[in-house]
Amino acid sequence: MDNETLEERPSGKNADRRGIQSIEVGGALLQALVRHDAPMILKDLAREAGMPPAKAHPYLVSFGKLGLVEQDPVTGRYGLGAFALQMGLSALHGVSPLRVATPEAARLSDEIQQNVAVAVWGNHGPTIVSIEECSRQVHVNMRVGTVMDLLTSATGRTFAAFLPARMTTALIEDEFARQALTREQLEAEFAEIRRERLARALGKPIPGINAFTAPIFDHNGHLALAITAMGPAASFDPAWDGAVATKLRACAKAISARLGKTEP
């Protein structure tokens, strides 16, 4: 192993171990292909990866031999190869959405100092499966197993907005009859949730408690989970672009990325 292929990382608790620098350099080409989500010509691919084409080409040849990259014989464009697909599918099969989301929810709770819950779609509707409590006293009457209202809670409205209608229509109709809402108001709320990628509940269904809920998507773009930040109205920023909303969106996006969801 020569000195050009190895790079000594700084020592310390959070420092990386010694790595092979050439693999990291070449990996930038694979990352560029993933980001672009379409085959690329050599010049554009190299530029996206931050290297000259002459440097990129040998990496692409080697990746081609491994099946990580393939070149279209007609257009000359490079795309991800069959082995890259097999790696991705293998990784996805081993991913549990809840296992990925739980530690991220705990980190978010510590960061924003609000309670954070994770919910899935259960037999009776949106069901809380994990609650991460922050270090300060936040009294919220919710526990694991709680089924949230579909139209009054931020958690429920997130599922209603993003799940297929065939899964939610019966529950929506049942709750709609008990709500002081018009069809137009309900559709406007769902449109706002889809636009903001957040649902918001201020003082309901739990009086004095505010909440934001963000959707988490899997690699097919289907709603997998919902993550909710909640806390007392006096200390909970309710703004769409406030600190709680911004950090919750970022957390949900990061979890979705771990589940294979790519942004357009």
Side-chain angles (χ1 to χ4, degrees), residues 13-14 91-92 94-122 125-149 152-163 192-206 208-219 221-263:
K13 181 180 179 180
N14 297 317
L92 287 171
V95 169
S96 162
L98 184 58
R99 189 170 65 241
V100 172
T102 300
E104 295 301 325
R107 279 189 281 273
L108 178 64
S109 178
D110 289 341
E111 185 175 1
I112 64 176
Q113 282 299 291
Q114 306 288 352
N115 287 1
V116 175
V118 177
V120 301
W121 184 256
T127 306
I128 302 299
V129 292
S130 172
I131 299 177
E132 301 296 335
E133 297 184 348
C134 62
S135 58
R136 67 190 181 91
Q137 289 285 331
V138 177
H139 298 289
V140 179
N141 186 24
M142 182 185 292
R143 64 183 185 276
V144 171
T146 297
V147 178
M148 304 302 294
D149 290 342
T152 60
S153 69
T155 302
R157 293 206 309 277
T158 298
F159 283 96
F162 288 103
L163 282 179
E192 180 180 55
I193 291 166
R194 296 182 188 113
R195 182 178 65 251
E196 297 288 346
R197 288 296 180 99
L198 281 180
R200 180 173 62 182
L202 304 180
K204 61 180 183 180
I206 306 174
I209 298 297
N210 289 349
F212 273 121
T213 300
I216 294 170
F217 301 97
D218 64 17
H219 65 286
H222 300 153
L223 184 66
L225 303 166
I227 184 168
T228 299
M230 54 195 160
S235 59
F236 189 101
D237 185 351
W240 289 112
D241 59 351
V244 174
T246 300
K247 291 176 181 179
L248 180 62
R249 277 195 197 94
C251 181
K253 183 177 179 180
I255 296 170
S256 295
R258 289 278 306 281
L259 299 181
K261 175 68 170 66
T262 58
E263 292 296 324

Might you point out which heavy atoms bring [X] and [Y] nearest each other, and give the distance in Å?
X: R249; Y: E196; result: NE-O, 2.8 Å
X: P215; Y: S256; result: O-OG, 4.3 Å
X: D237; Y: G242; result: OD2-CA, 3.3 Å
X: A245; Y: L198; result: CB-CD1, 3.5 Å
X: A154; Y: A199; result: O-CB, 3.3 Å
X: N115; Y: C134; result: OD1-N, 3.1 Å

Examine distances only and state if a side-chain atom of [X] and a backbone atom of [Y] form a donor-acceptor pair shorter than 3.5 Å.
X: R200; Y: A211; answer: no
X: S130; Y: I128; answer: no
X: D218; Y: H222; answer: yes

Flag side-chain contact, heavy atom, 4.5 Å: [X] against [Y]:
X: I216; Y: P97; result: no
X: R197; Y: F217; result: yes
X: P232; Y: Q114; result: yes
X: T228; Y: F212; result: no
X: S109; Y: E133; result: no
X: L98; Y: V120; result: no
X: T102; Y: E132; result: yes

For R107, side-chain hydrogen bond (donor to acceptor under 3.5 Å, both in side chains) partners two or more places apart:
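Checked R107 against side-chain hydrogen bond (donor to acceptor under 3.5 Å, both in side chains); matches are E104.
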From R194 atom CZ to T158 atom OG1, the distance as rounded to the nearest 0.5 Å
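Going from the CZ atom of R194 to the OG1 atom of T158 covers 11.0 Å.
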Value rounded to 0.5 Å, distance of OG1 in T152 from NZ in K204:
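These two atoms lie 7.5 Å from each other.
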Report the relative orientation of the aromatic rings in W121 and F159; use parallel for angles under 30°, tilted for 30 to 60°, perpendicular for over 60°.
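Tilted: the ring planes of W121 and F159 meet at 30° to 60°.
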